[in-house]
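Residues take their numbers from the sequence shown, with the count starting at 1.
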Amino acid sequence: VERSILFIGKSLILSSVIEIILVTKGLIETPIITSAQLSYNKPLIFGTFGNPNSVAVFLSACFPFFLFFIRQTHSKFWKTVTGITGLWVFIVIMLTKSRASWIALCVGVAVFYFPGIVRFIKAIRRKTLLMLAVILSIVFCFTMIQLINMNQESVKGRILVWQVAYDMIKNSPIIGIGYGNFAVQYLDYQGNFLTQAENHFYLNNAGDLKQAHNEYIEVFAETGLIG
């Protein structure tokens, strides 16, 4: 089993290395990085996926394998190379400005170190554990609030597109609206959604979107339960 995990890990590491090489090439070829691009609503990374969120999801899934490979290999050279590459993967994930992937990355790292965390918890006293739990809960809540407040308009935009996608799903829940038709029919569904008075709150977030910013929702809307 361990050999299989190691093989899969090496394959994912190689794929992520190819991806960040292409991402780095794109960054180098960008003549000027403006202050607008450095703002929270202007991601710098697109990669081969054409979508910063997809890049971030892929690299976040690969990142724990870098940790696994560093722990398993006995070569100092490969530990160093993997560590440096993993650091660059981490930086690229940050540059995608994908908040969901940041959270997923933290969860993935926590799962990877879960046995060690359990041993640590068993080794400390109850009062210390309670205090630590309270501190971590406060930090988690504060972080979530900060992530949401980074770009509230972006959050509103996501809610709008998901509600429009929900209307697509309600309209054709079994077979969907047709593969690849999300971008084609989005404006029509969005227009119908925004004509309702209670939805005027989202008027400033309307746009000609090509993606649902959620692969599961988009696939469900296009292919229905059958898909």
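Listed by first and then second residue, the side-chain hydrogen bond (donor to acceptor under 3.5 Å, both in side chains) pairs involving residues 74-85 amount to none (not counting sequence neighbours). Every pair tested for salt bridge (Lys or Arg N to Asp or Glu O under 4.0 Å) that includes a residue from residues 173-187 fails, sequence neighbours excluded, so the list is empty. Listed by first and then second residue, the salt bridge (Lys or Arg N to Asp or Glu O under 4.0 Å) pairs that reach into residues 56-65 come to none, sequence neighbours excluded. The salt bridge (Lys or Arg N to Asp or Glu O under 4.0 Å) contacts involving residues 201-221 comprise D208-K210, where partners must be two or more places apart or lie in separate chains.
Put simply, V57 and I93 are part of two different groups of oily side chains (I, L, V, M, F, W, Y) that touch within less than 4.5 Å, one to the next. Residue I84 is not grouped with residue F69 when hydrophobic side chains (ILVMFWY) are merged at heavy-atom distances under 4.5 angstrom, including chains of intermediate members. Taken together through direct or relayed side-chain contacts under 4.5 Å among Ile, Leu, Val, Met, Phe, Trp and Tyr, M94 and I21 form part of one hydrophobic cluster. Under the 4.5 Å side-chain contact rule for hydrophobic residues, F68 and F77 share a cluster.
Counting only heavy atoms from C-beta outward, the side chains of F63 and L59 never approach each other to under 4.5 Å. Residues I175 and E222 are not in side-chain contact: their nearest non-hydrogen atoms beyond the backbone lie 4.5 Å or more apart.
W162 contributes no side-chain N or O that, together with a main-chain N or O of G157, makes up a donor-acceptor pair within less than 3.5 Å.
Taking OG1 of T223 as the start and CG of N181 as the end, the distance is 11.5 Å to the nearest 0.5 Å. The CZ atom of F90 sits 10.0 Å away from atom OG of S60, with the distance rounded to the nearest 0.5 Å. In this structure, Q163 CD and F193 CZ are separated by 4.0 Å, a value rounded to the nearest 0.5 Å. Atom CZ in F66 sits 3.5 Å away from atom OG in S16 (nearest 0.5 Å). If you take CZ on F65 and CD on Q72, they are separated by 12.0 Å, rounding to the nearest 0.5 Å. To the nearest 0.5 angstrom, L105 atom CG is 11.5 Å from C62 atom SG.
Considering every non-hydrogen atom in both L194 and N199, the closest pair reads CD2-O, 3.5 Å. The minimum heavy-atom distance between F58 and S15, with the atom names listed, is CZ-CB, 3.6 Å. In terms of heavy-atom proximity, A165 sits nearest to I217 at CB-CG2, 3.4 Å. Taking every heavy atom of both residues into account, V161 and A212 meet most closely at CG1-O, 3.7 Å. Contact between I177 and M168 at its shortest, heavy atoms only, is CD1-SD, 3.5 Å.
Partners of I91 under the side-chain contact (heavy atoms from CB on, under 4.5 Å) rule, at least two apart in sequence or in another chain, are L87, W88, L95. Scanning for ring pair (Phe, Tyr, Trp, His ring centres under 6.0 Å) contacts around F182 gives Y186, with sequence neighbours left out. Under the side chain to side chain donor-acceptor pair (under 3.5 Å) criterion, S101 pairs with S98, not counting sequence neighbours. Residues satisfying the salt bridge (Lys or Arg N to Asp or Glu O under 4.0 Å) test with D167, not counting sequence neighbours, are K170. Under the side-chain contact (heavy atoms from CB on, under 4.5 Å) criterion, E198 pairs with Q196, not counting sequence neighbours. Remark: N171 pairs with Y189 by the side chain to side chain donor-acceptor pair (under 3.5 Å) rule, at least two apart or across chains. Contacts of V107 classified as side-chain contact (heavy atoms from CB on, under 4.5 Å), with partners at least two apart in sequence or in another chain: I103, V111. Evaluation of the ring pair (Phe, Tyr, Trp, His ring centres under 6.0 Å) rule for F220 yields no partner, not counting sequence neighbours.
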Stepwise side chain to side chain contact (heavy atoms under 4.5 Å, CB included) check, L67 with Y113:
CA-CA 9 Å; L67 302 178; Y113 286 112; 3.9 Å; yes
